[in-house]
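The block underneath contains the structure these notes are about, expressed in structure tokens.
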Amino acid sequence: MDQQKSPKSFKRYTVTSALPYANGPVHIGHLAGVYVPADIYARYLRARGRDVIFIGGSDEHGVPITIKARKEGVTPQDVVDKYHYMIMESFEKFGISFDVYSRTSADIHHSTASDFFRKLYENGKLAEKESEQFFDEANNQFLADRYITGTCPHCSYEKAYGDQCENCGTSLSPNDLINPKSVLSGNKPIMKKTKHWYLPLQDYEPMLRQWILEGHKHDWKTNVYGQCKSWIDQGLQPRAVTRDLDWGVKVPVEGADGKVLYVWFDAPIGYISATREWSQETGKDWEPYWKSDDSKLVHFIGKDNIVFHCIIFPSMLHAEGSYILPENVPANEFLNLEGDKISTSRNWAVWLHEYLEEFPDMQDVLRYALCAAAPEAKDNDFTWKDFQARNNNELLAIYGNFVNRTLVLTHKYFDGKVPARSELSDYDKKTIDQMEKYPEIIAKSLETYRFREALSELMNLARLGNKYLTDNEPWKLFKTDPERVATILNINLQICGALAVLSEPFLPFTSRKLLEMLSLEMVSWDNGAKPEILKAGHIINQPALLFSKIEDEQIQFQIEKLQQTREVNQNEESIDVNPLKEDISYEDFARMDLRIATITTAEKVAKTKKLLKLTLDSGVDTRTVVSGIAECFTPEEVIGKQVVLLANLRPKVIKGIESYGMILMAEGQDKKLTFLHPGAVIKNGSIIS
RNA sequence: GGCGGGGUAGCUCAGGUGGUUAGAGCGUCGGAUUCAUAACCCGAAGGUCACGAGUUCAACUCUCGUCCCCGCUACCA
């Protein structure tokens, strides 16, 4: 739609796909949400002869990678190397047609990101907070704003946060707080000198309002637009660009040892670095793709990335000054797997590299299934049964079958030579007419990022062919009217040719196979459905089956494989335990006053999801405790329970309620909480030691 | 709790600015057919458009409220 509404006509296209995080392989969720649509879009643009660069790469910085490395006893570089190559290889085998697939640990990225930062820095676009920051000595770390509480200078509320006062809603900075405390240790944090740089997002609010809320009200997807509006209306805050970490892009400023760029800052710059890498390899100029007004920049991402690509990265680009902003960010929702959320850590996924091995030469089947079920407007569920049905009932039955019956008939009646058309009936003309409309029909859907609709239109082209063939029944006419049969098959062959061309963005492997069967060279999109694609007299090759039936056993195997994952996950409760904490002395332990107590009343705390306000009979007194268990227990089922109480924990105000102590709970798998009971009923106030 | 998105046939989804019998694909059932990987083609059944109220001559489409799912966010001593 933006294509039609925009007065601009674009000379070139810059298509980016979210950089996969290099701490695990790629799975179907990534593919359905990002890479399949992005690849279809890029291939379509190329087919139209547009100048397009399609960018991908691995995101290799950030804390999770360092944690994984430590856990496995290897370096962060080892971790990212492993997954980078694995991801890159599986993308290539799957037919994701990147013009460049780079990585953020590459030198060119470090220098690009570094330069980007330095330019903002030198032009005064970054707020430098060189002042002292709160530091928790007990935990040996600097405290983020949210980890500091204190008294609000405006309303005197005692439990205001470092970034905002919950009571009066005022935005704060930690320095505003009177009597600050560390949330981590409860200690008073010391001031320690550190230097960090911030991107003042609030400065770009007018720009963002105009650009998104006014300029893209109608051409951006509602989920994307709504999310952006929500962020902007909530008020934007300065966002730290740097942090204290040793894995990432070094901050290129004197006195910034031990600091790197925040991963959210360096990752999107990776798109630019990758383009520069491509430039070096091809000798082409990269800058027009990023800096020329007649370039159309499109980011394909999942919904978790909306804020970065619609708010933060555009602010960075705008601050830098020489870059264009994205024309659209068609973010998708999430794909679930057999009813459950896909999870890398829980191994609940269909991994691309495994699929490629278990379903060799069936890339297009997955591409088809994922595109047809892409979570464009809401989360969607991938099931193996659906996958099987998509292949057997649609790809094979409609598309494959149509091609096969046409080619078989052509060989049977005309020895594989394309017969000439003679006089055309109204039905013939109508059919040719409809066929010729498909490049435009499909294009219209693709230009507006409606990939499911586009794919379904492609199938309608095959349906058109099937219906035409069935209605005309050439197998009944051959003996009496071979000339008529020639015309019918000629038209059918043209439809096969159109399918070969128009399928390419969606089903590139099938497209190639079909072209080969037809002994045809690829033609441009606009000429893709002309009735002269196959000239009379042209010899076609022997047909082979484009798709094979997927049997129940194969599906059953996959379902059982997932079932095993489910079981493993349940058993892993005992395996995946947290490491032991540091030793403490008996005295440390003895300082805790643990007692048996009984819950006498319970009610939900208003405006919270997790909190219950409990009254306890502790044997020595009656006290109020606020506990975060409301997601696991209703107030009713909790009353009367005997529990373990940490009785001498320093009181704390939670959501305006004074809480004296804490109920001890054990947390099981999937965050389910359970109470600790005494083995027998025992009097309240009994000491635990 | 706040904000955003979504709740339409068994399944997956379409349904600009409200207007005749609410659409498609798949599945199901029936018919027809044999060129084709029991596929294709035709037809049918199937929906109180989450629920309640309101605005209107008229609401799936607008307003308000409620419930459920997803995400962001707050909260979990």
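Every heavy atom of this structure was used, including side-chain atoms; hydrogens, water molecules and symmetry mates were not. Being a predicted model, the structure only gives us computed values, none of them experimental. We name chains A, B, ... by the order of the sequence lines, and we start the count at 1 in each one.
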Describe the nucleic acid contact of [X] in one word from base, sugar-phosphate, nothing, applying a heavy-atom distance below 4.0 Å.
X        : result
A:Phe402 : nothing
A:Leu546 : base
A:Ser627 : sugar-phosphate

Side-chain H-bond candidate by donor/acceptor type, A:Asn328 with A:Lys221, under 3.5 Å: no

Any donor-acceptor N or O pair under 3.5 Å, side chains A:Tyr427, A:Asn472: no

Nearest to the side chain of [X] - [options]?
X        : options             : answer
A:Arg463 : B:G2, B:U34, B:C41  : B:C41
A:Leu469 : B:C35, B:C41, B:G71 : B:C35
A:Lys476 : B:U34, B:A14, B:A39 : B:U34
A:Thr222 : B:C70, B:C75, B:G5  : B:G5

Spacing of A:Asn401 atom CG relative to B:C40 atom P, expressed in whole Å: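 So the two atoms are 7 Å apart, to the nearest Å.
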
Spacing of A:Asn492 atom CG relative to B:C41 atom P, expressed in whole Å: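 Whole-Å distance recorded here is 12 Å.
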
Interatomic distance, A:Arg405 atom CZ to A:Leu489 atom CG [nearest 0.5 angstrom]: 11.0 Å

Backbone of A:Glu551 reached by a side-chain donor or acceptor of A:Gln554 within 3.5 Å: yes

Comparing A:Asn460 and A:Gly628 on RNA chain B - which has the more 5′ nearest nucleotide: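 The residue whose closest nucleotide sits nearer the 5' end is A:Asn460.
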
Toward the 5' end of RNA chain B, by each residue's nearest nucleotide, A:Ile398 or A:Asn404: A:Ile398

